[in-house]
Protein chains: 2
Amino acid sequence: MAGFDYRALDNIIHSRVRLAIMSYLMTAKSADFNELKSQLNLSDGNLSTHLTKLETIDYIKLEKKFVGKKPLTTVTITTKGNNAFKTYIEQLSTLIEKK
Amino acid sequence: MAGFDYRALDNIIHSRVRLAIMSYLMTAKSADFNELKSQLNLSDGNLSTHLTKLETIDYIKLEKKFVGKKPLTTVTITTKGNNAFKTYIEQLSTLIEKK
DNA sequence: ACACTTACTTTGTGTTTCAAAGTACTTTAT
DNA sequence: ATAAAGTACTTTGAAACACAAAGTAAGTGT
C-alpha cells in the first residue's frame, strides 16, 4: 500500500489562501482586487503578496488601470494556471477517493 | 458568488506531508516509523517533526517500545484525528465539486 | 487646509518546513 | 577487541512562508 507522493502536489496552489484565490478564479475567470478581498475575507497585504506570488509563476495575470480616478487591479487566471489547478484537483481527488 | 473560507480548512492537516501521513493512516489504521518513512518518501527528520506536531494536537498517538534490541515507534490515528481528517476531506470535496 | 478614505504594496515578526547533523545505541567486519 | 557502518530516531538551523501592521500615493469630503 503505497502512500501518495506529496511532492507531486503543486506547492504553490496548495496554500489555503492561494487555493481559495485559484478556486475563485476558476469559476469567475477574472476578478478585481477588492472583489477577491471581500469574497475571500483577506487583508489587503495578505491578498497582495499571494497575488504577486501567483503572478510570478504565471498562474494569474494582473492588469492595473485607472477607472475614473481610482486604480483597479484585475486578476485573470492564465492557461498555465488553469491547467495547474486542474492537475492539482485531480491529484486531490485520487487522494480523497482512497478515503 | 462567495468564495470559500480558507480559515475553515484544518491548517494542521493541510500540510502536504501531514496530509500524506494522515491519509496513509486512514486506511492503514497504524504504521510504524520506517513504514511511513519509506512509503511516503520522507527524510527521518521531516517525518519526526511532523509526527510530533500531529501528536501534539492528538491526531495521532505514538507508542515507543523495543523489538529485540531496536526501538520501534508505532503510529496510530486517534478518533479525534479520524474526525478531523473526515471533516477536512469533506471541505475539500465541496471545493472540488465547485470545480 | 485637514482629516479620512481607497487601493493597494512593503516591511517586520512570528511560524513552518526540511534536511543535515546529532544521539544512542547495535551489528558487522577485521 | 576495536573500528566502521548501520539503525531508529530527535534536535537544530537556515530558508521560505504567512500575515497583519504600517506605509504610499492618490482622491474625497468638511
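Numbers restart at 1 for each chain; the letters A, B, ... are given by sequence-line order, proteins then strands. Since the model is a prediction, treat every value here as computed from it, not as a measurement.
Across the protein-nucleic acid pair, A:K65 atom NZ and C:dA7 atom P stand 14 Å apart, rounded to whole Å. In this entry the distance linking NZ of A:K64 with C1' of C:dT9 reads 8 Å, nearest Å. Distance NE2 (B:H14) to C1' (D:dA18): 12 Å, rounded to an integer number of Å. Between the CG atom of A:L40 and the P atom of D:dA20 there is a distance of 13 Å, rounded to whole Å. Residue B:F33 contributes atom CZ, which lies 18 Å from atom P of D:dG6 at whole-angstrom precision. Between the CG atom of A:L62 and the P atom of C:dA7 there is a distance of 16 Å, rounded to whole Å. Rounded to an integer number of Å, the gap from CD of B:E63 to P of D:dA8 is 18 Å. Residue B:K70 contributes atom NZ, which lies 10 Å from atom P of D:dC9 at whole-angstrom precision.
Counting any heavy atom pair closer than 4.0 Å across all strands shown, B:F66 reaches no nucleic acid atom. Among the heavy atoms of the strands, none lies under 4.0 Å from A:L47. The residue A:K37 sits apart from the nucleic acid: no heavy atom pair falls under 4.0 Å. The residue B:L72 sits close only to the backbone: its heavy atoms come under 4.0 Å of sugar-phosphate atoms, none of a base. At a threshold of 4.0 angstrom between heavy atoms, the contacts of A:T52 with the nucleic acid are absent.
Proximity note for B:D44 (side chain, C-beta onward) versus D:dA18, C:dA7, D:dT10: the nearest is D:dT10. Residue B:H50 places its side chain closer to C:dC18 than to any other of C:dC18, C:dT9, D:dA18. Among the nucleotides C:dT11, D:dA8, C:dT26, the one closest to any side-chain atom of B:K69 is C:dT26. Candidate nucleotides C:dC18, D:dT10, D:dA8 were compared by shortest atom distance to the side chain of B:N34, and D:dA8 ranks first.
Here the shortest heavy-atom pairing between A:I60 and A:L51 reads CD1-O, 3.4 Å. Contact record, B:K61 with B:T78: N-CG2, 4.0 Å, taken as the closest heavy-atom pair. Listed here is the closest heavy atom pair of B:Y24 and B:Q39: OH-CG, 3.5 Å. When all heavy atoms are compared, the tightest approach of A:R16 to B:L9 is NH1-O, 2.9 Å.
Within the structure, a side-chain polar atom (N or O) of A:K53 is placed less than 4.0 Å from OP1 or OP2 of D:dC17. The phosphate of D:dC9 (OP1 or OP2) has a side-chain N or O of B:T73 nearer than 4.0 angstrom. Considering only side-chain N and O atoms, B:S15 lies under 4.0 angstrom from the phosphate OP1 or OP2 of C:dT17. Taking only side-chain nitrogens and oxygens, B:R18 never comes nearer than 4.0 Å to OP1 or OP2 of C:dT16. Contact annotation: B:R16 does not reach the phosphate of C:dT17 (side-chain N/O to OP1 or OP2, under 4.0 Å). Contact check, B:N46 against C:dT17: no side-chain N or O comes under 4.0 Å of OP1 or OP2.
Looking at B:Y59 and B:D10, their side chains do bring a donor and an acceptor atom within 3.5 Å of each other.
Along DNA chain C, the nucleotide closest to A:Y6 and the one closest to A:L51 are compared, and the more 5′ of them pairs with A:L51. Nearer to the 5' terminus of DNA chain D, by closest-nucleotide assignment, is the contact made by B:S48 (compared with the other of A:I12 and B:S48). When each of A:T49 and B:S43 is assigned the nucleotide of DNA chain C with its nearest heavy atom, A:T49 is the one assigned upstream, toward the 5' end.
Although no hydrogens or angles enter the test, the distance criterion places no donor-acceptor pair under 3.5 Å between the side chain of B:S15 and the main chain of B:I12.
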